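See structure below.
Given the structure is predicted, the values throughout are model-derived calculations rather than measurements.
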Amino acid sequence: MKKLWLFSVSLLLLLCTACQQSGIAEVKESEVHSVKAVEIAANWAATASLVEAGGNYIEGEYKRFNYKGQTYRYMASHLDTKKEMRVELEKSVTKKVAKQFMKDQNFIKQQRRLAQVEVDGGSLLQWSEATAKVVKAKKNKSVFEVSVPVGYTGTFDTFKITYEYVRKSGWRISKLPEYMK
């Protein structure tokens, strides 16, 4: 995630330098916001994927158990409490979205640790290649249309994502499209 952010900032600085040297007008503020919107959405996609996989397990940490006829797995140690989970989620989304996501994931608490139904998943979406354009922009709230390539099919999935400025935290996703929940 940090690499994507550094890449985005580096690309933006390079673009700004090239524009100044060639006499082209400065990069528009909306383009800067679009890069940030893609970065936050990509971070959210990576975080949601990480959570759905149970986290980053260290050797010997992955444990399963049966509960009410289903196989569950404990979350990795860095995500096995509600507080740790919220901290991770709130790097990209608002508190309200984080709470709803946790509710939608149907976590249970077993032996003082969070656990989830064991499932396999994955995505073909290439968030590192995503683009965004502003649909609506206000002082503390913006809506972007984010287009993400689907594998190497030449097609795109497009999402309308609402962002809100959170004091002391910066921009966060405040409304997710159904697919990203």
Side-chain angles (χ1 to χ4, degrees), residues 1-19 24 27-58 62 73 75-76 78-79 84-94 96-98 100-102 104-107 116-137 141-166 169-181:
M1 285 185 242
K2 288 181 181 178
K3 288 181 183 177
L4 177 63
W5 183 82
L6 287 173
F7 174 75
S8 299
V9 170
S10 298
L11 183 62
L12 189 58
L13 289 173
L14 184 63
L15 184 59
C16 288
T17 303
C19 289
I24 300 173
V27 176
K28 294 179 186 174
E29 188 176 338
S30 64
E31 291 172 3
V32 172
H33 291 297
S34 294
V35 169
K36 186 69 174 169
V38 168
E39 176 190 329
I40 295 168
N43 287 343
W44 170 249
T47 299
S49 180
L50 177 71
V51 169
E52 290 167 358
N56 291 322
Y57 292 97
I58 57 176
Y62 189 91
R73 64 175 165 220
M75 299 300 291
H78 67 103
L79 296 175
E84 291 169 332
M85 181 70 69
R86 276 196 314 269
V87 166
E88 187 66 31
L89 297 175
E90 290 174 16
K91 290 177 182 177
S92 302
V93 297
T94 62
K96 182 180 175 184
V97 173
Q100 187 61 50
F101 179 81
M102 288 176 66
D104 293 346
Q105 292 295 309
N106 296 313
F107 292 109
Q116 68 183 169
V117 173
E118 186 175 52
V119 294
D120 291 330
S123 174
L124 294 176
L125 297 178
Q126 296 180 326
W127 285 95
S128 62
E129 303 295 322
T131 58
K133 66 180 181 181
V134 178
V135 175
K136 287 186 209 173
K141 197 173 200 176
S142 296
V143 178
F144 284 83
E145 188 174 271
V146 180
S147 296
V148 188
V150 179
Y152 297 99
T153 64
T155 62
F156 293 81
D157 276 357
T158 302
F159 308 99
K160 277 195 180 170
I161 304 173
T162 304
Y163 298 81
E164 186 176 307
Y165 188 80
V166 177
S169 298
W171 287 95
R172 298 292 184 263
I173 296 171
S174 61
K175 186 176 179 188
L176 292 167
E178 276 302 312
Y179 176 79
M180 293 180 71
K181 289 183 178 179

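One distance of note links NZ of Lys175 with NZ of Lys141; it measures 8.0 Å at 0.5 Å rounding. For the atom pair CD of Glu129 and OH of Tyr152, the computed distance is 8.0 Å after rounding to the nearest 0.5 Å. In this structure, Arg73 CZ and Gln116 CD are separated by 4.5 Å, a value rounded to the nearest 0.5 Å. Residue Leu79 holds its CG atom at 4.5 Å from CE of Met85, rounded to the nearest 0.5 Å. Here Trp171 contributes atom CH2 and Glu164 contributes atom CD; the two are 8.5 Å apart, rounded to the nearest 0.5 Å. Summarising the geometry, atom OG1 belonging to Thr47 is positioned 11.0 Å from atom CD belonging to Glu52; distances are rounded to the nearest 0.5 Å.
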Mind running side chain to side chain contact (heavy atoms under 4.5 Å, CB included) on Trp127 and Val146 for me, showing each step along the way? CA-CA 10 Å; Trp127 285 95; Val146 180; 3.9 Å; yes
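The two atoms that bring Phe107 and Val51 nearest to each other are CZ-CG1, 3.6 Å, heavy atoms only. Among all heavy-atom pairs drawn from Ala41 and Ile173, the shortest one is CA-CD1, 4.1 Å. Contact between Ser92 and Ile40 at its shortest, heavy atoms only, is O-CG2, 3.6 Å. The two residues Ala37 and Ala132 make their nearest non-hydrogen contact at CB-CB, 4.3 Å. Heavy-atom minimum distance, Val97 versus Ser174: CG2-O, 3.3 Å. In terms of heavy atoms, Ala130 sits closest to Val148 at CB-CG2, 3.9 Å.
Between the Thr153 side chain and the Val150 main chain, a donor and an acceptor come within less than 3.5 Å of each other. Listed for the His78 side chain is a donor-acceptor partner under 3.5 Å among the backbone atoms of Asn56.
Under the 30°/60° scheme for interplanar angles, the aromatic rings of Trp44 and Phe101 are found to stand perpendicular.
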